[in-house]
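One structure follows; several queries about it will come next.
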Amino acid sequence: MLAPGTSTCSFAVEAHEAIDELDADAFVMRHTASGARLLYLACDDENKAFAIAFKTPPADDTGTFHILEHSVLCGSKKFPVKEPFVDLIKSSMQTFLNAMTYPDKTVYPVASTNEQDLINLMDVYMDAVLNPAIWHKRAIFEQEGWHLELDVPEGGAPRDGSLRYNGVVFNEMKGALSDPLDVLDNAIMRELFPGTAYAFESGGNPRAIPSLTYEAFLDNHARHYNLPNSYIVLYGDFADVRRELAFLDERYLCDEARSDSASWRVPPEGSPSMPRHDGACSPNPLARQRPVVCELARERMATTPDNALAGMAYVLGDACDTKRIIAADVLFEALLGSNEAPVKKAVIATGLGGNVLSYTSNACLQPYELIILQNAKPDAARAFRQTIEDECRALVDAGIPRDRLEAVISSNEYALRQRDYGTADGVVLACEALTTWLYDDDAATLALKAAGIFSELREALAGDYFERLLSELVLESNHCALVELIPTLVDEDGAAGTEAASSDADRDEADATPASLEAAELAALKSSLSDDELEGVLRDVDELRAAQEAEDTPEAKATLPRLHVSDIGSVRQEPPLIVETRTPVPCLVHHLPTRRLAYALIYFDLSHVSYAELPYVKVLARLMQQLATKRRSASELDSYIASNLGFLSFTTEVFQQGNWRLARPVLLVSAGALSEKVGALADIPREVWAETRFEDTDRMRDVLTQLKIGMEQTFITAGHQAALARSLSYVSPAAVVSEQLGGVDFYRFLRDLVEHFDERKDDLVAKLRELQERIFTSSGTVVSFTGSEADLRRYWDAAGDLGLSPRTAPAKELYVPAPEPRREAFVIPSDVCYLAQATDPRALGIATDGSWGVAANALSYDYLWNEIRVKGGAYGCGFRAMVDRQLAFYTYRDPAIDPSLERIARSGAWLGSFEPAPEAFEGFIVSSVSSHDAPVKPFALTKRRNAEYFSQRPVDFRDKVRSEMLSATPERLRELGETVSRVAREAPRCIFGGREIIEASSADWNVVDLLG
């Protein structure tokens, strides 16, 4: 049907090949009339996907393409509603729906298990990108990009007010650029690629975003969002892909459709300054950078001294030289991927910093490797580079340890077989294809064919290929950059993290924060505006609010494609969970299709551990795999694990129980292996938990320092998660236990342990040895196995009794302190905040059922989205209803606290008067049930089923929740309104955010300087 040289639905088939590692056939096509490129990946995957991407290299720091990514999904010619993106979330069976801005491209992917639903999603997305309402509604640009607001005190005149910027992307990027790692990466790209698009912040710098004009915004859309500049991907098991091809051709790609699109992209009369394009204008160039060397650049940032960084980057070559890029990724993973990797080990030994990270950035024309020193000492950058290059020189001369290279290759081959990307496969593969296709029309599938390269690299272990590559990339590099990120905030001792400036003026400029610069800019702008112009700002905001609050007309709503409950289908059947008690240790058996992989999870009971000991359990879990065992050095163990297992992890989990006052904490050992290595799945975890030696206290200090740095990074970049967990701990005993094992309480314990390590290390070693003996026993232990029946037998043949015997040490009482609200506001170095209100409904005597999932959908995407994101400018917000275990509000990268709290307080009243149209309410049910039914990969499904078992869920729990969702009615949701008001009123709150934002709140907070 799709033979090269033939044409189907106006698409010329240019190439066809089988991609064995994906079990897929790839067809490369081009639409004859429009020039649109298309890649079709035909495979046996019900989770079908579509994506359209455009090459969008920025020409400045205004974030044009990021704002466009948001804005085109705010209504279009065919779908003239305010938020079709949100309407699809509320009403479709999507398994993925989003858009992403990269440094040189913008991608719009969707996925669904229902083919008609996918066509509906394609329809909305294609019209959004080609015919967006931005050409006729300036308010979209102001809402998603930026606008001025004037806060006038009650009874005051406009002149008494204060100006501020607001906008979704503006606030999102304030949050993003509060992350020191993001700031460092941006600085590295400026130094590596100074003459190219990569020198600019594609997401937008808040200092530059307000300089973007509406006219330039539209000009960039016209020049880049056109079909000759597009890349389309279809993925999955379509009944007949000609249906999708014909749809694209007739609706969007044919001559008539393109003519229609060109006429739509003409602004209304009376806008003479607006650009007028036919879509054929040239996009921004994407050029290769000639080699440059940056010996040292310094980037200053308003953050805490512990966030000092140094980054060393090496350009690896051309994106389409896939063997070189994959080989470089393998090489640097072998040298830097763990504490035992030789280069990372050498850097940590110098004491120049607390941790070393590295990653290969391959989503650009000239991929590069970035090596990062965290918690860097002052002026450490040059010594950091010297250490890297000295160690690389020694490895080139002596030879890179083959066991490390072989281990990384084995891990990559495991990942190829597992194919667990954490989201819909088709979405990930579409983005992966673009890492070569964007730069070469003949390279549509090049990035998808890695299996053969790994075979070649395994053969290359016999020669000096990797030594020569390391010499070229590092020792002989003529395209590299060294950047130091210098904090400018003062710590508690009065020490600033910046070197002395040459003068007071220089020092003032260096230490000026983005917030202070913005405030000065706005103050100057306000002084320059007349009273009439200030009144104009107020009028403009009123007009924007009116547009945001206006209801879509019934006619506009009717344009959206709709699915019905009848389209959902029946429950996806799963093999039953078998509780096998004839094995040496009780075993939960999951016979799931795994592509010849096997997973073993061992749950060790912690109910006999005292509350004060729980942080030590977390430390114990973190140190496993990082230290020597009785049989192997730490380095040997590291390579041995990677060569024989796909992964091995030691973590802690807490399962809520039917009685909300109870919790079941466990230490979980998880491992995965190829079916042919199932014996290692039994042997290696046992060696680690039973034989780890706690003697190398220097190494222990390094590992704990790295853990501390990682937690601090999470507080800054994902504060909503920390705030949700902390606020729930104010009411839930299970959440109190979780805080001891990984939240704020554990962080405080860890920070004190690291700061006083020398005086506490002997006691620490003794405690860890004691816990090792008490925890890793057969008492209360449960094993979980996922794989074939044959692999299950082979596992137990190899495992025996896992070396476990009953516990003999006396149990200690796990007495959990009573939860209590604390109204904590944790100060972090950020220009935004993260707010959470959470409770266990059982603690408030609230009975819940599956209808709460539908209510959460409505609250999140109908009320909160419009109130907190659209009007308030927060990047994210929502309401969670984890059936009978959690009810919670949250906001993400929020510019202010009090407005969000006020809107949350009104949410119950909104739900109490909820009167959706019948088709809209049916959409809420469809999307809620679809999310409940979304397919998951075997390991994630294993974890979910085990969690339900340990949480004492009834066997039919999920089916019951699904049935209750299907039975939900608007009347039922309105009945929940008063209860939602009660949650908003009584659920305790927690904040993670910048000090200025916290201090601007009128709420009563217990302000805590978490990071010092």
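Values below: every heavy atom of this structure, side chains too, minus hydrogens, waters and symmetry copies.
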Exercise: do Asn339 and Lys345 side chains pair donor with acceptor under 3.5 Å
no
Donor-acceptor pair, Lys48 side chain versus Glu46 backbone, under 3.5 Å?
yes
Determine whether more than 12 heavy atoms belonging to other residues, nucleotides or ligands lie under 6.0 Å from atom CZ of Arg572.
yes
Taking all heavy atoms of Ser675 and all of Arg417, pick out the closest pair and write down the distance.
N-NH1, 4.2 Å
Is there side-chain contact between Val666 and Thr652, with at least one heavy-atom pair below 4.5 Å?
no
Which pair of heavy atoms, one from Ala341 and one from Leu336, lies closest together, and at what distance?
CB-N, 3.4 Å
Who pairs with Asp638 by salt bridge (Lys or Arg N to Asp or Glu O under 4.0 Å), at least two apart in sequence or on another chain?
Arg404
With a 3.5 Å cut-off and no angle check, do the side chains of Glu432 and Tyr421 form a donor-acceptor pair?
no
Answer yes or no: is there a donor N or O on one side and an acceptor on the other, between the side chain of Arg774 and the main chain of Arg769, under 3.5 Å?
no
Closest heavy-atom contact between Ser805 and Thr777?
O-CB, 3.1 Å
Leu446 and Trp437, any side-chain heavy atoms less than 4.5 Å apart:
no
Main-chain N/O of Gly317 paired to Asp321 side chain as donor or acceptor, under 3.5 Å
no
Nearest non-hydrogen partners of Ala407 and Ser639, listed with the distance
CB-O, 3.6 Å
So does Glu676 pair up with Arg794, basic N to acidic O under 4.0 Å?
no
Is Glu948 paired with Arg945 through a side-chain N to carboxylate O contact shorter than 4.0 Å?
no
Under 4.0 Å between a side-chain nitrogen and a carboxylate oxygen: does that hold for Glu333 and Lys344?
no
Would you confirm whether Glu21, through its side chain, and Ala451, through its main-chain N or O, come within 3.5 Å as a donor-acceptor pair?
yes
Assign the ring pair Tyr414 / Phe647 to parallel, tilted or perpendicular, where the plane angle (0 to 90°) is split at 30° and 60°.
perpendicular
Regarding Lys767 and Glu613, does a basic nitrogen lie under 4.0 Å from an acidic carboxylate oxygen?
yes
Applying side chain to side chain donor-acceptor pair (under 3.5 Å), run through Ser951 and Gln657 and close with a yes or a no.
CA-CA 5 Å; Ser951 298; Gln657 302 296 285; 5.1 Å; no
Compute both the distance and the angle, then confirm whether Arg632 meets the cation-pi test with Tyr640: under 6.0 Å from the six-membered ring centre, within 45 degrees of the axis.
yes
Main chain of Leu627, side chain of Arg693: is a donor-acceptor contact present, judged purely on distance under 3.5 Å?
no
Between the side chains of Thr942 and Thr786, does any donor sit under 3.5 Å from an acceptor?
yes
Side-chain donor-acceptor pair present, Gln721, Thr714, cut-off under 3.5 Å:
no
Checking the side chain of Ser411 only, and the main-chain atoms of Gly646 only, is there a donor and an acceptor separated by less than 3.5 Å?
no
Any donor and acceptor pair, going by atom type alone, linking the side chain of Arg402 with main-chain N or O of Leu461 inside 3.5 Å?
yes
Got Met700 and Glu695 here, is their nearest side-chain heavy-atom distance under 4.5 Å?
no
pair Pro938-His590: side-chain heavy atoms closer than 4.5 Å:
no
Side chain Lys937, main chain Arg419, donor-acceptor under 3.5 Å
yes
State whether the number of non-hydrogen atoms from other residues, nucleotides or ligands found under 6.0 Å of Met882 atom CE is greater than 12.
no
Is the backbone of Asp420 close enough, under 3.5 Å, to the side chain of Gln418 for a donor and an acceptor to pair up by distance?
no
Where the side chain of Thr435 meets the backbone of Cys431, is there a donor-acceptor pair that is under 3.5 Å apart?
no
Looking at Phe950 versus Tyr603, is the centre-to-centre ring distance below 6.0 Å?
yes
Just wondering, do Val609 and Pro665 contact through their side chains at under 4.5 Å, heavy atoms?
no
Suppose we call two aromatic rings close when their centres sit under 6.0 Å apart. Are Phe604 and Phe776 close by that rule?
yes
Hey, are the side chains of Phe785 and Ile602 touching, using non-hydrogen atoms and a 4.5 Å cut-off?
no
Under the side chain to side chain contact (heavy atoms under 4.5 Å, CB included) rule, collect the residues that match up with Glu456, sequence neighbours excluded.
Lys323
Verdict with supporting geometry, Asp605 and Ser607, side chain to side chain donor-acceptor pair (under 3.5 Å)
CA-CA 6 Å; Asp605 176 48; Ser607 62; 2.7 Å; yes
Would you check if there is a donor-acceptor pair between the side chains of Thr629 and Glu687 at a distance under 3.5 Å?
yes
Is it the case that over 12 heavy atoms from other parts of the model lie below 6.0 angstrom from the CG atom of Asp956?
yes
I want to check something: taking the side chain as every heavy atom from C-beta on, are Thr583 and Val783 in contact at a cut-off of under 4.5 Å?
no
Answer with yes or no whether the side chains of Gln713 and Thr717 bring together a donor and an acceptor at under 3.5 Å.
no
Nearest heavy-atom contact between Leu707 and Arg622 is CD2-CG, 3.8 Å
